Amino acid sequence: MEELKHQIKMQATANIFQTMGREVAGHKVIEQFKSMPDAKLNMLGFYAGIKSEHLPIYRKLTRGEKNEFTEKLNTFKDELKTGDVVLVTGTSNSSKILASLQKTVYSNARSSHVVIVQADFICIDAVPKIGVSLKLISEVLKDVKDDWRIIRFKGLKEKDNELLSKTCAYYIKQPYVILPKRKPAKKFSYCSELARKVYVDSKIKNTGIPNSTIIKPCDFDKIADQNSQWLDITDSVKPYIEFCIKYEDILKFISKSFTQGIDLNRQRFSERRKTKESISKMHKKGEISSSGAAQIKNKIESLEKSLNYKFWDCQ
């Protein structure tokens, strides 16, 4: 998977263009943006959710010019990486109660919620009513206590990152349900269970994540406190996260091509599933031969095996 940071640096104009939903060759778009008056670009930025103070950066991004945003992006010693685990305590009463109740299990419990980083500044999160969805790290850290922390598994290799990211995408749109289960749940998720099964399904070994029937946020607190295979990277990535919070509007806009790409993949999987169901019905009615139905289904399944992303509800 191409890093989002690379997309920001090399394809910012293309991302913006794609979001606008127009079909013109990339170089022509760049030229159009370069010649577009500031006032018109400002209007486009405004409707895209860009803050007024960031419109000058937006204009430079669309025109492919040097700007403080991309220059600052090159200065960080450490950034979020795929598989990093974010531990937070919400400010709501229910979050405070959950954090307190967990102390009966682990005396140093402090977290009420667990989130996993899918790529760069994009996380995958499981919350009540919404289920599993993608969020920017800046959104994850809203309405939480200041003592959040982020941990990183030392055993990850370069080849693990792509698999972890694909596994994160696999669970998007699962409903939020808490049920006892040792193995990864196929049709539901809750925050800490989601983080565990992303690691389990990605076949990452020796993480120390327990396989208890209910995996709790405090289980990750205990890992952060006691497991030497995990690093507390809170301090090293804090400058990067502050940057992500400051430029949330720009990152949200740039990330649209990534999130919309996953949504499009999900939609196409769903369409192919419906096609296979239609073929089965036609076969039962005698409207298509067994060999014809099998041929179509085999082509669809062969195509899906070659695709980057797969999804839990599109099998």
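Since this is a predicted model, take the numbers as computed values, not measurements.
- Side-chain N/O atoms of T167 and S202 include a donor and acceptor closer than 3.5 Å.
- Aromatic ring centroids of F153 and W230 lie under 6.0 Å apart.
- Taking the six-membered ring for Trp and the full ring otherwise, the centers of F76 and Y240 sit less than 6.0 Å from each other.
- A 6.0 Å sphere centred on CG of N206 holds no more than 12 heavy atoms belonging to other residues, nucleotides or ligands.
- In summary, the aromatic rings of Y171 and F311 are positioned with their centroids too far apart to meet the 6.0 Å limit.
- Shown here is K197, whose NZ atom has more than 12 heavy atoms of other residues, nucleotides or ligands within 6.0 Å.
- Listed for the S111 side chain is no donor-acceptor partner under 3.5 Å among the backbone atoms of H113.
- A donor-acceptor distance shorter than 3.5 angstrom exists from the side chain of D221 to the backbone of R110, with no hydrogens or angles considered.
- No more than 12 heavy atoms of other residues, nucleotides or ligands shown are found within 6.0 angstrom of NZ on K40.
- When each of E242, K72, K51, E68 is paired with Y247, the side-chain hydrogen bond (donor to acceptor under 3.5 Å, both in side chains) condition holds for E68 and for no other.
- Under a cutoff of 6.0 Å and an axis angle of 45°, K173 and W312 do not form a cation-pi pair.
- Residue K186 places its NZ atom among 12 or fewer non-hydrogen atoms of other residues, nucleotides or ligands, all under 6.0 Å distant.
- You'll find the side chain of C168 reaches within 4.5 Å of the side chain of I116, heavy atoms only.
- Side-chain contact of S92 with S95: a donor-acceptor pair under 3.5 Å is present, judged by distance alone.
- By the criterion of side-chain heavy atoms lying less than 4.5 angstrom apart, applied directly or through intervening Ile, Leu, Val, Met, Phe, Trp or Tyr residues, L164 is not grouped with V200; the two fall into different hydrophobic clusters.
- In this structure the side chain of V115 never reaches within 4.5 angstrom of the side chain of I124, judged on heavy atoms.
- Counted within 6.0 Å of CG on D146, heavy atoms from surrounding residues, nucleotides or ligands total 12 or fewer; the atom is thus considered open.
- A donor-acceptor contact closer than 3.5 angstrom links the side chains of D225 and Y106.
- A distance of 14.0 Å separates CE in M282 from CD in E277, rounded to the nearest 0.5 Å.
- Residue D78 qualifies as enclosed at atom CG: its count of foreign heavy atoms under 6.0 Å is above 12.
- Formation of a donor-acceptor pair under 3.5 Å by the R149 side chain with backbone atoms of V86 is not found in this model.
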